[in-house]
Amino acid sequence: MTSGHDRPRVVRHFVLPGTLRGKLHAWRFVIARRSVQIATLLLFFGTLHWGWKIAGRPLLAGNLSASELLGAIPLADPFAVLQILASGHRPGREVLTGAAIVLAVYLLLGGRVFCAWVCPMNIVTDTATTLREKVGVRDLFHLSPKARYWVLALALALSASTGVAAFEWISPIGILHRELVFGLGLGFIAVLGVFLFDLLVLRHGWCGHLCPLGAFWSLGGPAGQIRVAFDDASCTRCGDCVKVCPEPAVLNFTAAARNGMVLAGECTNCGRCVAICPESSLSFGLRARRVAAAPIAHEFTQTREPR
Amino acid sequence: MTSLTRRAFMKSGIAAATAATVGITVSQEALAQAKAAEAGWSWDKGVCRFCGTGCGIQIATKGGQIVAVKGDPDAPVNRGLNCIKGYFNGRILYGQDRLTRPLMRMKDGAFDKRGDFVPVSWDRAMDEMERQAKRALAQKGPTGIAMIPSGQSLIQEGYTASKLMKAGFRSNNIDPNARLCMASAVAAFYQTFGVDEPANNYDDIELADAMILWGANMAEAHPVLWSRITDRRLTARTTKIVNITTFANLSSDIADLEIVMKPNADLAIQNYVAREIIARNAVNREFVDRHCVFATGPADIGYGMRPTDKFAFPAEKDVQGQELVHVLDKHEAVGQRKEPGTRVEQKNRTSAGKHWLISFDDFKKAVEPYTLDFVAELAKGDPDEPLDKFKAKLVELVDIYVDPKRNVMSFWTMGFNQHIRGVWVNEQCYATHLLLGKHARPGNGAFSLTGQPSACGTAREVGTFSHRLPADMLVDNAAHRKTTEEMWKLPPNTLNPKIGSDIMAILRDLEDGGVKFLWIQTTNPFQSTPNANHWLKAAREMDSFIVVAEAYPTVTAKVADLILPAAMIFEKWGGYGNAERRTQLWRQQVDPPGEARSDVWMMLEFAKRFRLKDVWGEKAVAGVKADGYPDGKLPDVLAEAQKLGYTPETTLYEALFATADNRKVAWPDPVAKGHGNSTVKALKEGWFVEKALFEEYRRFTVAKQHDLAAFDVYYRDDVRGLRWPVVDGKETKWRFVEGHDPFVKKGEGFNFYGPLLKALPTGNLDDVTDPKPTSLAGKAKIFFRPYAAPVEQTDANFDLWLCTGRILEHWHTGSMTRRVPELHRTAPTAVMYMHADDAAKRGLKRNDVAWIESRRGKVKVVVETKGRNRMPKGSVFVAFFDEAVFINKLVIDASDPISREPDYKKSAVKVYKA
Amino acid sequence: MNDSSRTRRDFLVKGAQMAGAAASVGFIWHALVKSEARASAGALRPPGALAERDFAAQCIKCGQCVRACPYGTLSLASVAGPAATGTPHFEPRTVPCYMCPDLPCTRACPSGALDPALDDVNRARMGLAVIDEEHCLSWQGLRCEVCYRVCPLRGKAIVINTESRKTSRHAVFEPMVDSEHCTGCGLCEKSCPTELAAIRVLRPEFVQGRIGAHYRMQDKASRSGQAADAPAAAPSPRIAAPKPQAAPGVDYLNQAAPP
Amino acid sequence: MNLSGILVTAASGRFDEIVAGLPVLPGVEVHHTDAATSRVVVVQEAPTIEDEVDGLRRIQALPGVVAAEMVYHYFADDPSLAGTPL
């Protein structure tokens, strides 16, 4: 026990409500995330194919790699830019500015917000996971979630050695997004690969273990201002949250109790845990408000939770 | 099985590779043909479907389909070559939207002018045609029905059409689309030589030291001939090519001298050339004295527009008013020895062709005002060119013409013919050559190139024009009518002596209700004629019945009431005659698709539905005035007909076509060598229609120094067409000259034996002074024709000249070439060629869409400032193949008053951003 | 072995395993990227594209050039497409480049992969048209020359050379491409009427040779007298004089002469 | 299976005889003839290269043959070609 509080004796578990209203409430974050993901796609798609404009300016031209909002504000993928820089090239000023803007925004929101709320691959991997749970597939092997940092390091090293942005050239995310925005082609094979990997080989295999883009944003995660707040007092340690969490390691009760919120960079702010917590111990909160009291420390030095 | 084929294929490839090392002439293709790929193919000779060049091709068929085409290496015209259209000859038959069933406008099971097109049976279609034609005859008499065939109709089709209309329905309202392309050349041939068609031939290209193009972009319009001209230029390095044009075009690429002139300035330039020939003492006196006379005619002949503004759009009225009174501009005034600003009443509108003899001194006096300064100032077409440079070019042009050591050929096409004074410019060109004695000699001559594959063979020779009978005979000539009636076994005075409506008049007749039944074959006049908005409206709104025989949906088919699915070129037996008098016949290669039928079959079936009593009784025809004819009437000839063995119940089919002689020509015939005959098959009468009609027509030619060879001769393996007259089995290369023309006697040197218009009154430059006709048998005329300005001029509002025409990739209105995807891709839309500065001035740049507007309408078109034509400032060019860029409806329907051929080359337009 | 040494050994083994895995993944990934990034002859880039290596590195695959093209010419390559996945390219036989004077695609590029310094579309070098003379109708004597007539730089990028056909009285109109002017827009390939285009636009590096610096062709400029050859540069002082002893061939030459 | 393209040059006056005689040899087919230059293009098929060369020697040894050159040789291990009954 790391907390001095007494815990309620009755451990309740999450039950999906029978009413539609209740269901919608339980699914509210999924619905919101899908809406944001699809809306983002739609903005790109509509601007390209239907010529969407506001005040005569194209709404959102480009794709997740780089784009232009309202014909004026450049946006770019900071990880892609980092790779280009690693490859020894200096990208255009517009792209550098765009990357800085995007970096700033996500740092503010919590880096991996991108993963759960924007990245189109999230839909694919979530589907694979849901299906996997229904069918009951077991992991083929164990892989450390830290592998992604190796991949990240490798991506930068390869960018330097090949002279091109190494991950961008094979990124299934880029492929998927381009296929969705610009038209469908063979790229779905790559996406299918990720889907099958997540379905048959490893739970959360791509997003939770390999994706260097996710790793990149994880690094920026701790600075995020919107975080999952944790109320240790009401928590019964029922473990439902850990079960639904795509990044189980982030739900470290000790650290969460100490900090009053989940600070680990890998947290994607997906809100699954918030939605199912039977005691409402978890909620979204602003880091500035909740954590003022607790010092930020030791997010990565976890001790094993007794079982 | 497959491996066996593959093995055979391997072996032939190995053999070819082996043969190639020592240059044994077995190409890889030839081998593949001989082996696997060509198994079951049969090759036969044919003719290219497109321009007037008349290239020979070889057609391969297999399983009832044309599978390949190649240039015929034995054809003297093209020696195995084709242009890009010729390359696709075999493909034009197989467009996706080929018409295969008769389609009629119907509502509630009956014909309805406002109905939609519905497939009907041939019987139903013919029933309606019969009903409508009989109604037209009853309402309007013979002139109530009209027919528009084509310079692409086959010889037999033209002959059938002409006989059906002129002998059957006694209507001269038949006029081919060749009126739109060759009529000025025809009239000039008549007036100058008394007989149609060129004295020279294509062999002259290899014999000439200078070739002068007058309004002929041969590089695009006669691609394979151009390759011969280029070859001559390359191999005989002293050869000069001159391109006289209103804008720089692809023919300028190899030209040594390019003269960009203002529209109509050709009239002035030629008078300058004539003046210089005299001034430099270069007249070939011996030739001129012996073989030529001088002549001129009136200048106040109008502009071939309607004399009334009743039908004119409001915007058209100002120009149309000049039809009756024209005010001379300063250049016309000088050229016609009058005061600028003189109002000239156009008194000779209806007698535009009359002319009289003048003296050489008169001629000399007439060309005197056309000095270098005067003509250069008038004619310079590129505002950016320095005047001195232009003058030097004109001088060089004369240098080339008069050089005694140079053989000179002049070629022209639509720049001359589609001209409000088209006959005049033709005549002026002959004048130049005749003055120099450089005509009808090997390597020397003025040569009119035809645009269409059988403008000569069908439209002209067979006589499908409203004024013509077969073999150069005329409907308003009593002797010619008599000859024709005898040939055709008609009662005397069956033929209508009054010249019928030309194509433009037929369309105008449609507009004013004069024509009730119109049958259009092998042409798309509602897209090709100028100012078509008038007739497009008339076709749908007037009480008329328009039949269109077509292979593909066209604008014309769209405004028709009945569409007949027509067989295309190699789906029937037929023949073409090209610009050098070469007649080429081919066998049917494949059957027409679905219910498509040959035009000959359609006309014969139609003829079965009329009895002599329907058509040979007394008929009212306004304006008929001739010996043996009651005024305003065609006499009843039924009684005379009985003497010839006909009864009132005899059908036109029996009387005109299935005659006893013709029925003797039996099908099958050994000449067919196993080829089918869709006409005979559908007619089910057992006689060889195409051969019988050709042989019947041939009798005319033999009587008129126009001799064609017998039908079977053209099918001999060693024959690739023959240039008529074919006398004693020998073709004629040069006419009118001793040693080549069998009709010129020894010692005569030259004999311009054409019989027409060969007795003339005498006068001065202004009028006749002695009406007594002088005979000028055997002589050619050297005409003086003054400069005349275009009737529609550019002004502050319509500030650009519009010229329309063809491009290499597409044929006419694109009805065939646009069906071949590969060809369509090469030029998918018509663009407007324009000077970049003119575009910039209008806020336009390359690839922008602009409106082009004239007094008669407007269309949208893409601006091209870089393309194949380099326009001088002030001029634009748009090709007319593109239905979506319907450019000819913007063109003024002013015509040459003598030839009635419209002028597509000079309309005033404005261009602005769309 | 004690616990600490076992842990130490585990750690070492695990480290080696991870390093091995990373190395093998890295190797495959490297190979994948290399093969992807390899230019293909038919992958034509928008006007202003940098040299393929730099373009590959700099292009961020955002597709803004694709959006900017008013003719739908450009597309982003799909997996197994003719160009590296995600990069913009065009296939002239489908839609060629119509050479907009205002270069909207180049202007749209945020990454600098399309050179913002390009200001005249006529200076773009998207590719180079190459004629297959054996299957070119014009070279075989037909009057086609469609490529010549559609070429926006007609008379410069494509010229017609007329030659006598010798075997008959006809000339052959041979289209020829001048690499100095050809932008590679591909209108010629688009318009070529043969079943498979006999004129193709390919990346110049796949079709152009190099004469070598040791020889100078009589080039067009000097032929027309517009530019004379520049004077030879002075020899670089940095090249040190070779040591006499080490001269190539000396050893052999100093051997005893053969008997 | 081996296929070879052989160019045979016949002595003057013996062209027709050679053309008639060549197909009698095993596996030999005459594909093209050019009387003007007395040359014959044959394709020879044989199971092995040795047989192919023997065949060439046979042709060279024919009376009236001035020269026979193997210009083209194709060695087929293509299963679709080998072993097909002719």
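Sequence lines set the chain letters: A, B, ... in the order given, protein chains first and strands last, and positions in each chain run from 1. Just so it is clear, the model here is predicted, and its values are computed rather than measured.
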Under the side-chain contact (heavy atoms from CB on, under 4.5 Å) test, residues paired with C:Pro101 that sit two or more places apart: B:Lys845
Sort A:Phe44 into side chain, backbone, both or neither according to what part of it lies under 4.5 angstrom from a heavy atom of chain C. neither
Is it the backbone or the side chain of A:Gln83 that comes under 4.5 Å from a heavy atom of chain C, or both, or neither? neither
Picking from A:Phe216, A:Trp217, A:Trp117, A:Phe79, what satisfies ring pair (Phe, Tyr, Trp, His ring centres under 6.0 Å) with A:Tyr106? A:Trp217
Chain C heavy atoms under 4.5 Å from A:Val151: which part of the residue, side chain, backbone, both or neither? both
Pick one of side chain, backbone, both or neither for A:Leu158, based on which atoms fall under 4.5 Å of a heavy atom in chain C. side chain
Would you give me the side-chain donor-acceptor pairs under 3.5 Å for residues 188-198 of chain A, sequence neighbours excluded?
residue, atom, partner, partner atom, Å
A:Asp198, OD1, A:Gly205, N, 3.1
A:Asp198, OD1, A:Trp206, N, 2.8

Taking 4.5 Å as the heavy-atom cut-off, does anything in residues 64-77 of chain C contact chain A, and if so which residues? C:Gln64, C:Val66, C:Arg67, C:Leu76
Interchain contact, A:Ala155 with chain C, by part (heavy-atom threshold 4.5 Å): both
Relative to chain C, which segment of A:Thr47 carries a heavy atom at a distance below 4.5 Å: side chain, backbone, both, or neither? both
Check whether A:Ser87 gets within reach of chain C through its side chain, its backbone, both or neither, counting any heavy atom under 4.5 Å. side chain
Flag, side chain of C:Arg200 to backbone of C:Leu128, donor-acceptor distance under 3.5 Å: no
Of all heavy-atom pairs between A:Ser67 and A:Leu60, which one has the smallest distance, and what is that distance? OG-CD1, 3.9 Å
Interface residues of residues 105-121 of chain C facing chain A - heavy atom cut-off under 4.5 Å: C:Cys109, C:Pro110, C:Ser111, C:Gly112
Taking A:Arg112 for the side chain and A:Glu266 for the main chain, is one N or O donor matched with an acceptor at less than 3.5 Å? yes
